[in-house]
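Before any comments, here is the structure.
Sequence positions, counted from 1, serve as the residue numbers for this chain. Whatever order the structure lists them in is the order used to number ligands and atoms, beginning at 1.
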Amino acid sequence: MEEMKEWCRLMPKIELHAHLNGSIRDSTLLELAKVLGEKGVIVFDDVKDVIMKCGRSLPECFQLFDLYHILATDHETVSRITKETIEDFAAENVVYLELRTTPKNNQAKGMTKRSYMKAVIDGLRDVDTVDVSFISSDILINHTSEKKKRIFVRLLLSIDRRETTEAAMETVDLAVEMKDLGVVGIDLSGNPIVGEWKTFLPALMYAKDKGLPITLHCGEVPNPEEIQAMLDICPERLGHACFLQDEEWQRVKSSRIPVEICLTSNLQTERLTSIDYHHFDDLYKAKHPVVICTDDRGLFSTTLSNEYYLAASTFGLAKGQMIELARSAIDFVFADDGVKKNIRELFEASERAY
Ligand code: IMP
Ligand code: ZN
């Protein structure tokens with residue numbers, strides 16, 4: 001078991017569904033909460049238990065997201081969380097990371113969606129333990145040593161389901177503006193029982209018009225009407241897809257839309273009673289495009305290596321199948337062909353080395 005876990009850590013991997021603020025280290029979260037407690041912004045004892053709790057329900061997760069938003073409101077903190085998240089993924093041999101985040105306005109802190117994203121970019125530039133490439137396929141940022149690990153990072157801007165059409169449009173405009181700064185697509189996320197599809201549709205269609213690929217959190221709760229409407233716009237990828245019915249699965253399978261699989265997240269938020277019944281099994285056996293992801297590595301106390309280990313141990317995947325599964329994700333990244341070529345090379349070099 002331990003040998004297999006270590007093997008999963010060493011294997012080169014691609015992460016395509018990771019939320020920035022859901023990836024905060026527990027230690028950082030506690031530290032930030034303590035400081036805000038001392039300043040009287042929050043009552044530390046009120047939040048300590050939620051932060052320390054394991055196995056949170058879905059409502060508790062969204063309660064924690066609200067807390068994240070209070071904690072991570074200044075630019076410096078956003079940069080720090082970004083830097084640490086990149087370092088954590090690189091440390092477990094993630095060679096390409098598509099990190100998604102919701103640009104936030106916070107007037108009291110002088111934060112706009114644009115300045116929030118600038119803080120994210122600053123965080124990328126601050127990383128010094130690993131070579132980070134986030135602008136173009138051949139330019140490496142912070143490139144100091146051939147011996148250092150290398151990670152390609154691209155960004156997705158998330159539209160939160162609580163947002164208005166105007167706010168969602170603003171996010172898409174920002175994504176278009178930031179194409180040269182590593183932004184490669186748009187995500188729709190947030191509490192799945194909040195908001196209406198018609199609110200986000202104009203912004204998503206606008207993103208499509210601008211050539212930005214889209215990934216949607218889809219079917220996190222049973223909502224056939226919305227799932228059908230989501231499939232109607234032909235998104236480039238789907239997240240979760242837990243509550244799809246047969247007819248909807250047929251549409252997904254015939255259009256070969258890759259599905260981002262987040263096993264621990266789905267289990268902890270009670271999307272299914274047992275991991276043995278997870279739709280990964282059916283999709284994998286049907287050779288449908290799937291990619292193993294963490295969703296929120298901090299919130300769910302997991303890692304991408306752990307998610308691969310979970311898939312292997314639950315569904316009986318051999319090492320060769322795991323490598324193929326990890327490598328197949330190259331085809332589903334939103335970055336350009338130059339980056340895909342680079343990641344392929346990183347995979348080959350990494351496989352030779354271990
Ligand atoms: P952020 O966008 O960097 O602030 O990352 C946290 C946000 O991601 C949360 O506030 C949610 O809007 C979204 N999110 C994270 N995990 C999930 C999920 O499982 N379902 C839906 N939305 C999620
Ligand atoms: Zn998610």
Self-check item: Option nearest atom 4 (O) of ligand 1 (shortest heavy-atom distance, choices Lys104, His17, Arg162)
Solution: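 Answer by nearest heavy atom: Lys104.
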Practice problem: Would you check the N or O atoms of Pro192, main chain and side chain alike, for any that come under 3.5 Å of an N or O of ligand 1? | Solution: no
Self-check item: Close N or O approach (Ser265, ligand 1; < 3.5 Å)
Solution: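 No - when backbone and side-chain N and O of Ser265 are compared with those of ligand 1, no distance drops under 3.5 Å.
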Quiz item: When you look for heavy atoms under 4.0 Å from ligand 1, do you find them on the side chain of Asn191, its backbone, both, or neither?
Solution: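 Contact part for Asn191 vs ligand 1: neither.
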Quiz item: At under 4.0 Å between heavy atoms, which part of Asp296 makes contact with ligand 1: side chain, backbone, both or neither?
Solution: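 The answer is the side chain.
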Quiz item: What are the protein N/O/S atoms, named by residue and atom, that sit under 2.8 Å from the Zn ion (ligand 2)?
Solution: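 Atoms qualifying: His17 NE2, His19 NE2, His217 NE2, Asp295 OD1.
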Quiz item: Cation over ring, Arg9 on Tyr309, under 6.0 Å and within 45°?
Solution: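 Because its charged atom misses either the 6.0 Å distance or the 45° angle limit, Arg9 does not stack over Tyr309.
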Quiz item: Hey, does His69 sit under 4.0 Å from ligand 1 if you only count heavy atoms?
Solution: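 Yes, that is the case, since the closest heavy atom of the residue is under 4.0 Å from the ligand.
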Quiz item: Would His240 count as a contact of ligand 1 if the rule is a heavy atom under 4.0 Å away?
Solution: yes
Self-check item: Taking atom 19 (O) of ligand 1 as the reference point, the nearest protein heavy atom with its distance
Solution: Asp295 OD2, 3.0 Å
Self-check item: salt bridge (charged side-chain N to carboxylate O under 4.0 Å, His left out) assessment of Arg154 paired with Glu98
Solution: CA-CA 5 Å; Arg154 291 296 183 271; Glu98 234 164 64; over 6 Å; no
Quiz prompt | Aromatic plane relationship, Tyr284 with Phe280 - under 30° parallel, 30 to 60° tilted, over 60° perpendicular | solution =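 The arrangement is parallel - the two ring planes meet at less than 30°.
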Quiz prompt | Sub-6.0 Å ring centroid separation between His217 and His17 | solution =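 Centroid separation for His217 and His17: below 6.0 Å.
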